[in-house]
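A short write-up of the structure that comes next.
Scope of the values below: all heavy atoms of this structure, side chains included, with no hydrogens, waters or symmetry mates. Just so it is clear, the structure is predicted and the values come from calculations on it, not from any experiment.
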Amino acid sequence: MDTVPVRPLAEAPSYLGVGRSLTGRAWRERIATLGVTPEALREITHRLGLMNVADSDFVGPLARFVAGRGITADTLEAFIFPTLKALFPDPSCFMDMDKAVAAMLNAYERKAKICIFADYDVDGATSAAQLVRWFRHMGHELSVYVPDRMTEGYGPSNAAFDSLKRQGADLVITVDCGAMAHKPLDHAADIGLDVVVIDHHLMREEPPHALAVVNPNRPGCTSKQGNLAAAGVVFVVMAALNREAEKRGLFAERSKPDLVQWLDLSALGAICDVTALTGFNRALAAQGLKVMSQRRNAGIRALMEVAGDGAGGAVSLMGTFHSGFVIGPRINAGGRVGRSDLGVRLLSTDDPDEAASLAQELDELNRLRREVEAGVLEEAVQTAEAQGLWPSDDPVIVVAKEGWHPGVIGIVAGRLRERWRKPVVVIGIDPVSGMGKGSGRSQAGVNLGEAVGAAFEAGILLSGGGHAMAAGLSVEAEALGELRRFLNDYVRAHVAEADRVEAVEVDALISVRAASRDFFDRLDLLAPYGQGNPEPLLAFADVRVAYAAVMKGGHVRFELNDDSGAKLKGIMWRAEGTPIGDALLRPAGKVHVLGRLKADDYMGRCGVQLEIEDMALATGREL
């Protein structure tokens, strides 16, 4: 997809004069940050008019929303109407795709024992479930191996391959892992175990030892599909399997698998792995959510039922919220605090009774996960404050304590990053071994994965790496002080002060009166939302807080009004005790508010409410 260049932060003017909000962020207009010219905006507006997708009153705002996502007039139609037919890549443009498919079908034709080695998160589970279902349609049951997060860690290991070899596996297909497992894959080759790798994570120039390594982020791959989750890569693999199986005459006695029926799994993996929903990946998500709404997958249907959204009656359209906040956390709970294979078992079964039982178990584990997470979060805040880590001038906060569950430290790091607006690394230390497992979350302008990788290269960590916004590590307890100093020194040396100013990008300024259900429903043209296509962030200028109250969980409900008398109700999650929460509960004059509109259908209201993202004083004063 063609995009316009991003302007440096310092060149984009502040929006509504907000250089530092109540959360310490600068506000920028999204299209100004992208450098969208008036001519480009007019061309998009003209094309939208020709497409007849919105009335004249909404075309202008829609053009700004679209342009703010890097869409040009030439790529507009594919964005508004994302179809698989128009955007599906040639599977063979993925490096090693034809080798991988040949290896899998050769094993199938000789009735070899095939095992899938999957990661324990949603992307791993959805990737594995798709392959299980494809081969089941072909009359061949695959076994699945998912490593335990606590005892085995991420990805393949020598011990796991030894176990699979003893169980008689002839071919192992790794999904959502394996691209960097050089030593374990060398070991697999030594013991005569064939391996095909299907992954999407960044990898080295030299691939690991395997029959094939299919990864759009592999150096040299020409697919241009690096934003796919592993589940999306697997969907393309299944298309290649269909094509090759047809050439081999394997559909003479059975029908060709209809891949569309499994698009819900591809979409679930893409959304929960927070991949960029652009191009072909956007089409996968958009079409997959339509399939998901039909709830034909027994596991997805059962999870929605235990979550309180029954499948009976008319089926409502499911969106990224259902995937990311209802289904995804429950599937992940198995890998975090339960049995790591529960997710793939749930998504692979067609037995409604088994699905109901597994869904109930995952729902209970998710409740446990939330309790564990809440406890670790509270302790992390107390520890950081007691040790003088917060508040402080350090650009990175590293907080550690014995006994913190490794399955929730990543979530806690993300919560603290949201609260403190700087990179956070949370480390749980095993009280017996003294070994610490850590997970970090970063913010724009700070490449935490690079910093953690540098700490590993410096010999401070036992293992460590990641990407710009997230990282994982292992460290001995006695090296914590050195790690903290190294990360902070590294960030200070490699990140310019201007780049550390986090900016929030605003899509449009609208009035309180304009924030109607009709306006909200029209925004569906932009869905599905996710990485690369953020939900529209709207600004409301010079409004007053007419009412606010604390709810259970520390959330704050409120109502805004403006000089016209129009009112808009909303909520700020986990706001109690934060600067925004204080400003809502103790208002002192007019404010500017940023937020996202959400449907409010409670008790048949068919209205909207605002979820606040940020707030600033309307006087122009910085806090």
Count the heavy atoms belonging to other residues, nucleotides or ligands that lie under 6.0 Å from [atom1] of [X], then report whether that count exceeds 12.
X    : atom1 : answer
E77  : CD    : no
R243 : CZ    : yes
K598 : NZ    : yes
F325 : CZ    : no

Please report the interatomic distance [atom1]([X]) to [atom2]([Y]), rounded to the nearest 0.5 Å.
X    : Y    : atom1 : atom2 : value
L34  : I31  : CG    : CD1   : 8.5 Å
M104 : L241 : CE    : CG    : 4.5 Å
H322 : L303 : NE2   : CG    : 13.0 Å
R596 : L538 : CZ    : CG    : 9.0 Å
E39  : I44  : CD    : CD1   : 12.0 Å
R369 : I411 : CZ    : CD1   : 4.5 Å

Using side-chain heavy atoms (C-beta onward) and a distance below 4.5 Å, is [X] in contact with [Y]?
X    : Y    : value
I116 : V344 : no
V504 : Y15  : no
M304 : M318 : yes
M97  : V237 : yes
R133 : L265 : yes
V197 : N215 : no
L228 : F280 : yes
L87  : Q225 : no

Any ion pair linking [Y] and [X] (charged N to carboxylate O, less than 4.0 Å)?
X    : Y    : answer
R415 : E373 : yes
D507 : R69  : yes
D74  : R47  : yes

Check: [Y] main-chain N/O paired with [X] side-chain donor or acceptor under 3.5 Å:
X    : Y    : answer
S266 : G232 : no
D273 : T275 : no
D96  : V213 : yes
S323 : L268 : no
D614 : L594 : no
R421 : E418 : yes
S340 : P147 : yes
S442 : M469 : no
N332 : V122 : yes
R330 : L362 : no

Qualifying residue, where the test is side chain to side chain contact (heavy atoms under 4.5 Å, CB included) with L211 and the options are I173, D194, V195: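 Exactly one option meets the side chain to side chain contact (heavy atoms under 4.5 Å, CB included) with L211, and it is D194.
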
Going by side chain to side chain contact (heavy atoms under 4.5 Å, CB included), I300 matches just one of V326, V291, I327. Which one?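 That would be I327.
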
Quick one about E152 and Y145 (side-chain donor to acceptor, distance below 3.5 Å, no hydrogens or angles considered), yes or no?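 Yes, side-chain donor-acceptor contact under 3.5 Å.
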
May I ask you to check whether S348 and R136 show a side-chain donor-acceptor distance below 3.5 Å?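 The answer is no; no qualifying pair exists.
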
Shortest non-hydrogen contact between [X] and [Y], atoms and distance:
X    : Y    : value
H201 : D199 : ND1-OD1, 2.8 Å
K422 : R417 : O-CG, 3.2 Å
R282 : P528 : NH1-O, 3.4 Å
A503 : R28  : CB-CG, 4.0 Å
D123 : G269 : OD1-CA, 4.0 Å
P257 : W134 : CG-NE1, 3.5 Å

Given I427 and L473, is the side chain to side chain contact (heavy atoms under 4.5 Å, CB included) satisfied, shown in steps? CA-CA 9 Å; I427 300 172; L473 57 87; 4.1 Å; yes

Steps toward side chain to side chain contact (heavy atoms under 4.5 Å, CB included) verdict (Y529, L523): CA-CA 11 Å; Y529 303 119; L523 291 175; 3.7 Å; yes

What do the steps show when you test L483 against V425 for side chain to side chain contact (heavy atoms under 4.5 Å, CB included), and what is the final call? CA-CA 10 Å; L483 172 63; V425 178; 5.5 Å; no

Within the 6.0 Å centroid threshold, strictly below: Y108 and H140: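 Ring-ring flag for Y108/H140: true, centres closer than 6.0 Å.
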
Between W262 and H137, what is the ring plane arrangement, given parallel below 30°, perpendicular above 60°, and tilted in between?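 Taking H137 first and then W262, their aromatic rings stand perpendicular (interplane angle over 60°).
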
Could you walk me through whether V175 and D119 pass the side chain to side chain contact (heavy atoms under 4.5 Å, CB included) check? CA-CA 7 Å; V175 291; D119 188 23; over 6 Å; no

What side-chain hydrogen bond (donor to acceptor under 3.5 Å, both in side chains) pairs are there with at least one residue in residues 172-186, not counting sequence neighbours?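 Checked against side-chain hydrogen bond (donor to acceptor under 3.5 Å, both in side chains) - neighbours excluded - the pairs reaching residues 172-186 are D176-H200.
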
